[in-house]
Amino acid sequence: MPGEVPVVSLLPKLHRAARRSRIAVLAIAALALAGTACQKPAPPAFPPTEVAVVEVQPRTVAQD
């Protein structure tokens, strides 16, 4: 019939459209995974470090 498009001629177009949509889905999935991979939990904080404190007193030193 005039004006009809054979199904065989539509197959390459459908194949390209399916390939593009697969690529788009894979790209979105890769971006989603990359976004979640960057959100690592913070490492636990170290306990406070113990320090020794020395009080300094001024004094006179004898010279030899």
Distance-only check: which donor-acceptor pairs under 3.5 Å involve side-chain atoms of residues 17-25, not counting sequence neighbours?
residue, atom, partner, partner atom, Å
S21, OG, A17, O, 3.3
S21, OG, A18, O, 2.9

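Checked against side chain to side chain donor-acceptor pair (under 3.5 Å), Q57 has the following partners two or more places apart in sequence or in another chain: E55. With sequence neighbours excluded, no residue satisfies side chain to side chain contact (heavy atoms under 4.5 Å, CB included) with R59.
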